[in-house]
Amino acid sequence: MEGREEDVRVGANKFSERQPIGTAAQTQDGKDYREPPPAPLFEPSELTSWSFYRAGIAEFVATFLFLYITVLTVMGVSRSPTKCASVGIQGIAWAFGGMIFALVYCTAGISGGHINPAVTFGLFLARKLSLTRAVFYMVMQCLGAICGAGVVKAFGKSQYELHNGGANMVSAGYSKGDGLGAEIVGTFVLVYTVFSATDAKRSARDSHVPILAPLPIGFAVFLVHLATIPITGTGINPARSLGAAIIYNKDPAWDDQWIFWVGPFIGAALAALYHQVVIRAIPFKSS
């Protein structure tokens, strides 16, 4: 019996854990990570670089395609006699999440694949990019969104206006406070996922965790849409809300427009603060 207990003890300790998690992963293989310096607040040299304008064009095109596909999907669901005759709310959520997955994958190596002023704002607060680039990205994202929604309206103006043009509004039965809260929490989920999925420090520390950044980001967008479409139609992207509102251009869309800017920006700021202060505060090998 004693021999068997010894066999069990040796067998249990013969092989060390191959994939440690948490802080155990920080020291096993001696990997180190050096924090890059924060981006400067102003970087005038960017204005003379082709890569700067190339990144802005990538953000414009990505946001244009994002609005084109997603608003067209919303229009298809809205004009159907029943939800069962269309892709329904789940289909809309998949369209938003799937497009973000595809577009982040395509543009991440060029501009970072923001496609959302709230994401850009959160990354700016974390000093991942300069104010110059952040403002440029936001302008290009909004222009792309306007053009994307405009193309959808060109396909059928009467149908577009009949079904509210995919514009974000607080649904009946919910207060503006409800809508604001939904946008704050929804954007927090998105931007928190963006930070976690693209954190180089995490990649160095937990390299055994395979991660494809666009996948969790797109999935986060999908889940947030499932939860908040009934409340606000789901904004969590000021460019998306602005582009649809400008092309639709009716009072109901403008009455609630502030919610789809204030909410996402607050959510993004909270996500940036949480990630920088809490998530990245894990002790790490320094030498």
Side-chain angles (χ1 to χ4, degrees), residues 31-63 66 100 103-145 184 187-207 211-214 216-218 220-221 236-240 242 261-262 264-286:
K31 289 193 176 183
D32 197 4
Y33 171 80
R34 292 187 178 181
E35 189 76 19
L41 186 61
F42 296 102
E43 196 166 7
S45 61
E46 288 186 315
L47 300 176
T48 61
S49 170
W50 163 239
S51 63
F52 176 78
Y53 296 100
R54 176 171 167 257
I57 293 170
E59 287 292 308
F60 172 88
V61 172
T63 316
F66 178 63
I100 287 297
L103 294 170
V104 171
Y105 180 83
C106 292
T107 61
I110 303 172
S111 65
H114 298 190
I115 320 169
N116 184 336
V119 171
T120 300
F121 180 67
L123 293 172
F124 165 70
L125 292 180
R127 303 296 299 275
K128 303 296 184 183
L129 71 165
S130 67
L131 178 62
T132 311
R133 186 174 291 263
V135 171
F136 183 50
Y137 277 14
M138 291 181 189
V139 171
M140 297 302 281
Q141 289 158 357
C142 290
L143 291 176
I184 291 174
T187 310
F188 179 92
V189 171
L190 169 59
V191 179
Y192 172 39
T193 304
V194 169
F195 273 108
S196 297
T198 60
D199 187 1
K201 181 177 181 180
R202 177 187 175 188
S203 297
R205 183 182 67 238
D206 300 327
S207 59
I211 189 163
L212 176 62
I217 295 170
V221 171
I236 66 171
N237 184 333
R240 175 261 187 272
L242 180 66
W261 283 84
V262 175
F265 274 57
I266 292 176
L270 292 175
L273 179 65
Y274 176 68
H275 183 77
Q276 294 297 108
V277 174
V278 178
I279 300 301
R280 305 191 85 240
I282 300 176
F284 205 77
K285 181 178 173 65
S286 60

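In this text, all values refer to a predicted model and were calculated from it rather than measured experimentally.
- In this structure the side chain of V139 never reaches within 4.5 angstrom of the side chain of F60, judged on heavy atoms.
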Inset, instruction - Test Y137 against F124 for side chain to side chain contact (heavy atoms under 4.5 Å, CB included), laying out the working first. - result: CA-CA 11 Å; Y137 277 14; F124 165 70; over 6 Å; no

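- Counting all heavy atoms, side chain and backbone alike, T187 lies closest to A268 at CG2-N, 4.0 Å.
- Of all heavy-atom pairs spanning T193 and P216, the tightest one is CG2-O, 3.4 Å.
- Pairing each heavy atom of G113 with each of T107, the nearest pair is CA-OG1, 3.2 Å.
- Side-chain contact between P214 and I100: absent, with no pair of heavy atoms (C-beta onward) separated by less than 4.5 Å.
- Within the 3.5 Å criterion, the main-chain N or O of I236 finds a donor-acceptor partner in the side chain of N116.
- Under 4.0 Å is where a charged nitrogen must lie from a carboxylate oxygen, and between R133 and E43 no such pair does.
- If you look at F136 and Y53, their ring centroids are closer than 6.0 Å.
- The nearest pair of heavy atoms linking E46 to S130 is OE1-OG, 2.8 Å.
- Here the side chains of V104 and H114 are not in contact, with every heavy-atom distance at 4.5 Å or above.
- Here the closest non-hydrogen pair linking I115 and Q141 is N-NE2, 3.7 Å.
- Residues K128 and T198 fail the side-chain proximity criterion, which asks for heavy atoms closer than 4.5 Å.
- Using a 4.5 Å heavy-atom threshold, the side chains of L270 and Y192 count as separate.
- Proximity of Y274 to F188: side-chain heavy atoms (C-beta onward) are separated by under 4.5 Å at one or more points.
- Of all the heavy atoms in V191 and A118, the pair that sits closest is CG2-O, 4.3 Å.
- Atoms CG and CZ, on L125 and R127 in that order, are 10.0 Å from each other to the nearest 0.5 Å.
- Around the CZ atom of F52, the shell of radius 6.0 Å holds more than 12 heavy atoms that belong to other residues, nucleotides or ligands.
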